[in-house]
Chemist: 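One structure coming up, written as structure tokens, with questions to follow.
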Number of protein chains: 2
Amino acid sequence: MAVTMNDVARVAGVSLKTVSNVINNYEFIRPTTRQRVLDAIDQLGYETNLTARSLRSGKTSMLGLVLADLSVPYYAELASDIMKAAWARGYRVLVEQSGNEADHERAALQGQFRSLTDGLLFIPLTLDAQQIIDAAGKKPLVLLGEFVEDPRLDMVLIRNYEAAAAVTTHLLAGGRRRIAVLGADDGDTTGSGGLRLSGYKAALADAGVQYDPALVMRCEWRRDGGAEAVARLLDSGAEFDAVFGLNDALALGALHELLVRGKQVPEEVAVAGFDDIEEARFASPSLTTVAPGRAEIAERAVELLIERIESNMAVPKVRQLEAAFELRVRQSAP
Amino acid sequence: MAVTMNDVARVAGVSLKTVSNVINNYEFIRPTTRQRVLDAIDQLGYETNLTARSLRSGKTSMLGLVLADLSVPYYAELASDIMKAAWARGYRVLVEQSGNEADHERAALQGQFRSLTDGLLFIPLTLDAQQIIDAAGKKPLVLLGEFVEDPRLDMVLIRNYEAAAAVTTHLLAGGRRRIAVLGADDGDTTGSGGLRLSGYKAALADAGVQYDPALVMRCEWRRDGGAEAVARLLDSGAEFDAVFGLNDALALGALHELLVRGKQVPEEVAVAGFDDIEEARFASPSLTTVAPGRAEIAERAVELLIERIESNMAVPKVRQLEAAFELRVRQSAP
DNA sequence: CTGGTGGTATACATCGTTGCAGATCCGCGG
DNA sequence: CCGCGGATCTGCAACGATGTATACCACCAG
């Protein structure tokens, strides 16, 4: 059926192993021989069977990427960057959608999925560090710092706390004093939400502004969640002059709802987000947000994972990297 | 290193092949034997090596998906749907980003990528039908109807022409007469752009409205392309009372630029798009657009491809399906 | 008692490649 | 003229699973 190395070898008049050597750029091959093999490959249209190579070599040259859902812009943009970074290093990426469900996350960590990949990039959403460690196999694993922090795991972290503080400080500097927060619970201290909320609180404290739990709205991190949370807030009669969505989707949903309700943005209510997805720049008004260093995260996570895969050190030092963030001031909160 | 069937067989006191039979749910196995094998699997934590299975069986249970870039919301949302549809049928999806470059598209059609997949879902952007046929190997291939139509290829089509006509008709019904089009060249008749432009022209003709090539703006199908095209249009002094972006990104970019320039939407200029990405619902004003049947496209494309893969008919009849579209009237063009 | 039948389990070859361990060839120093 | 080392090439086994063919058993009909 398919053309194999054997066919190429026969046509080129060399051994199967020599064909393999040519393909793998083995050093000591006579140029004329190499050429004969290459010609035969061309003539027959031979292509390496990656499955066979993987079986024999034990490497698949694929990285797994586990995230909630590609239809969420932030994940899609991150996935795109990760795929480019991996591609540049000779790896492919196999994406698995966890749908934000613990069972799916666990299955992706163990499961057959692993046997297809050399290592895993994991954006944990429901599992905590201990659960991850329990569920994970022995293959290299790098967490993308959305959520979990633990000294036993490799990860590339977003500076959730500092970046959220920076956003809040910016809003305060604009004269806002009643800043609503969308996407957290009053008590949260862990996870992206908790860390960002803590940064918010710290910035308030620094500015001597009273923290009001009534302004903290719990909701799903989606556009409709943000819209719905703002609606609740408006209906409750609470006073506020700014909204901080803990991610851009929330902020954009909130922005939409505010405008629908006839609020002036930013005159009456300023709006800020977190993530700097592309959509933020083109919203009307454009959205002030903080860029968490997506490209850097993708690049460094891939680099770190591949380093783990290719170095065979038994117990290398755990590495935790932090990406630089940057405030993007736009119209919604000048 | 890893646990193999052999290890399981030894522990269970059966032959390797019996373990294989248990795993593959072979019918005639004594329940006690089956249980012993399952216990051994549990005890050892055995997991099938999918690579080995693929090599032996010749199937990878992976579908390839070639698209321009996951950071484009429409593709991301489509990819998400496709992955879910494939997952439900026991297949995984390996995504390849072509970056809208012919060489990458060709490479994905041939290339080693193919040897990892049982079939390919392909969203062609630069290659035409003949080039696709020339480049493609023998494995099943289904086109997602963004661009190419050809009786020799399986595909799931968007009703580009009819849907664009529907959008245009809606704008005309709203009293608009000078409808600018973003994302095509006056002469285009093929490809998504050409087909949508043709639908637009046909709707104008139906309504007895004069077609004006000066209102057709060529640009990249991205938000910034749309913004830039509208800027050019405004600067040119051309008169227009509506803008039809040939996809939502264009329309959203245009919407943004119009608002920045102080135009009232929809009072002075109506805006409509194409794709119905989630963002469209939450834009301000929300975007009138047409939903091309994304979920249906994903579902049927996956179904068709898997049918091709699993049926061994040598020359099955080419199948071309069309997805139903639906106009979504929102604030930007009521 | 024999042969057939259907359930159950096994042996062996095989998928296409790469790792390992030679085999062969050649030129050159002693 | 031998022997040695480096360049060049080769054969065999193995990666871990599955397909095919077959062995074996129990049981029932003839």
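The analysis underlying the following values was restricted to heavy atoms, covering all of them including side chains, and did not include hydrogens, waters or symmetry mates. Just so it is clear, the structure is predicted and the values come from calculations on it, not from any experiment. Proteins come first, then strands; the chains are lettered A, B, ... in the order of their sequence lines, and each starts at number 1.
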Chemist: How many Å lie between CZ on B:Arg56 and P on C:dG16, as a whole number?
Modeler: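 Spelled out: CZ on B:Arg56 to P on C:dG16 is 9 Å.
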
Chemist: Counting only N and O atoms by type, is there a donor-acceptor contact under 3.5 Å from the side chain of B:Thr117 to the main-chain atoms of B:Leu120?
Modeler: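 It does not hold such a pair.
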
Chemist: Just how far, in rounded Å, is P of D:dC9 from CE of A:Met5?
Modeler: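 Atom CE in A:Met5 sits about 16 Å away from atom P in D:dC9.
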
Chemist: What residue pairs, at least two apart or across chains, pass side-chain hydrogen bond (donor to acceptor under 3.5 Å, both in side chains) with a residue in residues 41-51 of chain A?
Modeler: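 As it turns out, the side-chain hydrogen bond (donor to acceptor under 3.5 Å, both in side chains) pairs with a partner in residues 41-51 of chain A, which skip direct neighbours, are A:Thr48-B:Gln112.
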
Chemist: Checking B:Asp39 now: which residues fulfil side-chain contact (heavy atoms from CB on, under 4.5 Å) with it, not counting sequence neighbours?
Modeler: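 Only B:Gln35 meet the side-chain contact (heavy atoms from CB on, under 4.5 Å) criterion with B:Asp39.
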
Chemist: Could you note down all residue pairs passing salt bridge (Lys or Arg N to Asp or Glu O under 4.0 Å) where residues 4-16 of chain B supplies at least one of them, sequence neighbours left out?
Modeler: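 Every salt bridge (Lys or Arg N to Asp or Glu O under 4.0 Å) pair that includes a residue of residues 4-16 of chain B, provided the two are not neighbours, is B:Asp7-B:Arg10.
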
Chemist: Can you tell me how far C1' of D:dC15 sits from CG of B:Asp7, to the nearest Å?
Modeler: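 Nearest whole value for this atom pair: 13 Å.
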
Chemist: Quick one: salt bridge (Lys or Arg N to Asp or Glu O under 4.0 Å) partners of A:Glu101, sequence neighbours excluded?
Modeler: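 Result, salt bridge (Lys or Arg N to Asp or Glu O under 4.0 Å) vs A:Glu101: none returned.
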
Chemist: Name every residue in residues 11-24 of chain A that has at least one heavy atom under 4.0 Å from any atom of DNA chain C, in order of residue number, or write none if there are no such residues.
Modeler: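 The stretch gives A:Leu16, A:Lys17, A:Ser20, A:Asn24 as the residues lying under 4.0 Å from the strand, ordered by number.
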
Chemist: Just N and O in the side chain of B:Arg53: are any of them under 4.0 Å from OP1 or OP2 of D:dT18?
Modeler: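 Answer yes for this pair, as a side-chain N or O of B:Arg53 is under 4.0 Å from OP1 or OP2.
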
Chemist: Could you list the residues that satisfy side-chain hydrogen bond (donor to acceptor under 3.5 Å, both in side chains) with A:Arg222, not counting sequence neighbours?
Modeler: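 For A:Arg222 the side-chain hydrogen bond (donor to acceptor under 3.5 Å, both in side chains) partners, ignoring immediate neighbours, are A:Asp224.
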
Chemist: Which residues pass the side-chain contact (heavy atoms from CB on, under 4.5 Å) test with B:Ala102, sequence neighbours left out?
Modeler: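 side-chain contact (heavy atoms from CB on, under 4.5 Å) list for B:Ala102, sorted by chain: B:Arg106, B:Thr126, B:Leu127.
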
Chemist: Extract from the structure each pairing of a protein N or O with an N or O of nucleotides 3-8 of chain C at less than 3.5 Å, listing the distance.
Modeler:
unit_1, atom_1, unit_2, atom_2, d
C:dT8, O3', B:Arg30, NH2, 3.4

Chemist: Table please: side-chain donor-acceptor pairs of residues 84-91 of chain A below 3.5 Å, with sequence neighbours left out.
Modeler:
unit_1, atom_1, unit_2, atom_2, d
A:Lys84, NZ, A:Ser80, OG, 3.4
A:Lys84, NZ, B:Asp69, OD2, 2.8
A:Arg89, NH1, A:Ala85, O, 3.1
A:Arg89, NH1, A:Glu299, OE2, 3.2
A:Arg89, NH2, A:Glu299, OE2, 3.0
A:Tyr91, OH, A:Glu310, OE2, 2.8

Chemist: Once side-chain contact (heavy atoms from CB on, under 4.5 Å) is applied, do any residues pair with A:Arg36, and if so which ones, sequence neighbours excluded?
Modeler: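 By the side-chain contact (heavy atoms from CB on, under 4.5 Å) rule, A:Arg36 matches A:Val14, A:Thr33.
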
Chemist: So which of A:Leu157, A:Ile158, A:Ile82 actually passes side-chain contact (heavy atoms from CB on, under 4.5 Å) with A:Ile297?
Modeler: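 Option passing the side-chain contact (heavy atoms from CB on, under 4.5 Å) with A:Ile297: A:Ile158.
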
Chemist: In terms of the nearest nucleotide of DNA chain C, which residue is placed more toward the 5' end: B:Ser57 or B:Arg36?
Modeler: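 Final value for this comparison: B:Arg36.
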
Chemist: Got a sec, which residues hit side-chain contact (heavy atoms from CB on, under 4.5 Å) with A:Arg34, two or more places apart in sequence or on another chain?
Modeler: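 Scan of A:Arg34 (side-chain contact (heavy atoms from CB on, under 4.5 Å), adjacent residues dropped) gives A:Val22, A:Asn25, A:Ile29, A:Leu38.
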
Chemist: Return the value, rounded to whole Å, for the distance between atom CG of B:Leu55 and atom P of D:dT18.
Modeler: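 My rounded result for the distance is 11 Å.
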
Chemist: At how many degrees, to 10°, do the end axes of the helix from C:dC1-D:dG30 to C:dG30-D:dC1 meet when each uses five pairs?
Modeler: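 Terminal axis comparison yields 70°.
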
Chemist: Without decimals, in angstroms, what is the distance between B:Lys59 NZ and D:dG19 C1'?
Modeler: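 In whole Å, D:dG19 C1' and B:Lys59 NZ are 15 Å from each other.
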
